[in-house]
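Below, chains carry the letters A, B, ... as their sequence lines are ordered, and counting in each starts from 1. Quick caveat: nothing in here was measured; it's all calculated off a predicted structure.
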Amino acid sequence: MKAGCSIVDKPEGGGGYHFPEWAYKTESSPGSRQIQLWHFILELLQKEEFRHVIAWQQGEYGEFVIKDPDEVARLWGRRKCKPQMNYDKLSRALRYYYNKRILHKTKGKRFTYKFNFNKLVMPNYPFINIRPNDPSIDPWGGWSSILG
DNA sequence: GACGGAAATT
DNA sequence: AATTTCCGTC
């Protein structure tokens, strides 16, 4: 029993959006669904209220900047019930995504990473049809029209 | 800050 | 398997 930390994950910001059931890992534990870090990142990127914490980088499709590493780590730690989470540990998890081809680092740019959309997200996760709230920013670069 | 090995945790 | 934790190295 983890008091104060619900099994069912709630999206940050209290918005209505969340990934469908099958998008979550259901591995061993029968009742527990664990959100993936990159799902969480996309969730934050989708909301305007977190624009000062993490946001899409204009110009490069799929590239985002963590403007407030401590806050992102705090939010992630809250979601996963890991109060001791920090950017050092969160970034290690992001680094494991390099070999998995989910993300890669934008070298030289501080706190900047980029999703490998074409390689993994689009082919395997068609449910990701979220749109940026700001029309001037289109991280999906043309894919949005295909996704509808 | 960023990287990645190693061990622990869930 | 996907992190979380810890840490030496650059």
In whole angstrom, what separates A/Lys80's NZ from B/dT9's C1'? 10 Å
Nearest-angstrom distance from the residue atom CZ of A/Arg101 to C1' of C/dA2: 19 Å
Length of the line joining A/Asn99:CG and B/dG5:C1', which is rounded to integer Å: 12 Å
List the residues meeting side chain to side chain contact (heavy atoms under 4.5 Å, CB included) with A/Lys89, not counting sequence neighbours, and say none if there are none. A/Gln84, A/Met85, A/Asn86
Classify A/Lys105 by what it touches in the nucleic acid, base, sugar-phosphate, or nothing, heavy-atom distance under 4.0 Å. sugar-phosphate
Over all heavy atoms of both residues, which pair between A/Phe50 and A/Leu75 is shortest? Give the atoms and the distance, please. CE2-CD1, 3.7 Å
Nucleotide B/dG1, atom P - distance to OH of A/Tyr87 in whole Å: 8 Å
Are A/Phe111 and A/Tyr87 near enough that their ring centres are under 6.0 Å apart? yes
Nearest-Å distance for atom pair NE2/C1', residues A/His104 and B/dG4: 18 Å
Please report the distance, rounded to the nearest Å, between OH in A/Tyr97 and P in B/dG4. 17 Å
Short side-chain to backbone donor-acceptor contact, A/Tyr113 and A/Leu103, under 3.5 Å: no
Donor-acceptor pair, side chain of A/Lys114 and main chain of A/Phe64, under 3.5 angstrom: no
Whole-Å distance, A/Leu103 CG to B/dA2 C1', equals 14 Å
I'd like a list of close polar pairs between nucleotides 5-10 of chain C and the protein, N/O only, cut-off under 3.5 Å.
unit_1: C/dT5; atom_1: OP2; unit_2: A/Lys89; atom_2: NZ; d: 3.1

To the nearest Å, give me how far apart CH2 (A/Trp76) and P (C/dT4) are. 5 Å
Are any of the side-chain nitrogens in A/Arg79 or A/Glu43 under 4.0 Å away from the carboxylate oxygens of its partner? yes
